[in-house]
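Before any comments, here is the structure.
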Amino acid sequence: MKMISPKFHAVLDYLLVMLLLASPDVFGLSKTASTLAYALGIIHFLLTISTNFSGGIFKIINLKLHGLIEFFVSIILVILAFTLFKGNLVDEIFYACLGLLILVIFTLTDYKRSLPVIL
């Protein structure tokens, strides 16, 4: 059952961007983890404003592609949590939880309600 509408997904995306940009200070992430969080925040902001849904400004990227990108990123984040960040418990837990959160949002979003691409 897909409980998250594209409109609510847009809200969650902007909240995720804020979380990513605030997380190094809030959670005390390491330098590497902080740099990745800032980079992911900026990239996710660019992805969100470029997506063809209510939260998008430029509406270049189809919502289904947006979701597919988030799916792969979530898997990569979980892998990074237990490889690159292994040994630093805060970084490891942060990236494992972040990856799982993005995966849950991906799983619960109704991508069939996306808008047609406007050229």
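All figures in this text were calculated on a predicted structure; none of them were measured in a lab.
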Partner of [X] under side-chain contact (heavy atoms from CB on, under 4.5 Å), chosen from [options]:
| X | options | answer |
| --- | --- | --- |
| M18 | L15, L20, L16 | L15 |
| I4 | V11, T107, L12 | L12 |
| C97 | L101, I93, L100 | I93 |

**Study point:** Ring geometry between F27 and F94 (parallel below 30°, tilted from 30 to 60°, perpendicular above 60°)
**Key:**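 F94 vs F27 ring planes: tilted.
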Joint cluster assignment, [X] & [Y], ILVMFWY side-chain distance < 4.5 Å:
| X | Y | answer |
| --- | --- | --- |
| V104 | V78 | no |
| L84 | L89 | no |
| Y14 | I43 | no |

**Study point:** Candidate pair N88 and V90, rule side-chain contact (heavy atoms from CB on, under 4.5 Å), full reasoning
**Key:** CA-CA 6 Å; N88 183 325; V90 172; 3.8 Å; yes
With sequence neighbours left out, what residues match [X] under side-chain contact (heavy atoms from CB on, under 4.5 Å)?
| X | answer |
| --- | --- |
| F85 | T32, A33, L36, L80, D91, Y95 |
| I69 | L47, L65, V73 |
| Y38 | L21, P24, D25, S34 |

Practice item. Return the minimal non-hydrogen interatomic distance between F82 and A96, and the atom names on each side. Key: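 Nearest pair, atom of F82 first, then A96: CZ-CB, 3.8 Å.
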Taking atom [atom1] of [X] and atom [atom2] of [Y], what is their separation to the nearest 0.5 Å?
| X | Y | atom1 | atom2 | result |
| --- | --- | --- | --- | --- |
| S54 | F8 | OG | CZ | 11.5 Å |
| F53 | I61 | CZ | CD1 | 9.5 Å |
| S30 | E92 | OG | CD | 11.5 Å |
| T48 | H44 | OG1 | NE2 | 4.0 Å |
| L63 | E70 | CG | CD | 8.5 Å |
| I75 | F106 | CD1 | CZ | 9.0 Å |

**Study point:** K64 side chain to Y111 backbone, donor-acceptor under 3.5 Å
**Key:**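 Not confirmed, K64 side chain does not pair with Y111 backbone.
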Check your understanding: Taking side chain as C-beta onward, heavy atoms only, is L98 less than 4.5 Å from L77?
Key ->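 They are in contact (side-chain heavy atoms under 4.5 Å apart), so the answer is yes.
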Exercise for review: For residues S23 and L29, determine if any side-chain heavy atom of one lies less than 4.5 Å from a side-chain heavy atom of the other.
Suggested key: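 The answer is yes; the side chains approach within 4.5 Å.
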Check your understanding: Is there a side-chain contact (heavy atoms from CB on, under 4.5 Å) between H9 and I105 once you walk through the steps?
Key -> CA-CA 8 Å; H9 186 107; I105 292 170; 3.6 Å; yes
Practice item. Could you tell me whether K2 atom NZ has more than 12 heavy atoms of other residues or ligands within 6.0 Å of it? Key: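 Check passes, neighbour count above 12.
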Review point. Near F72 CZ, under 6.0 Å, is it more than 12 heavy atoms from other residues, nucleotides or ligands?
Key: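 Not more than 12 within 6.0 Å, no.
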**Study point:** Pair D13, H66: side-chain N/O donor-acceptor within cut-off below 3.5 Å
**Key:**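 There is such a pair (donor and acceptor under 3.5 Å, judged by atom type) between the side chains of D13 and H66.
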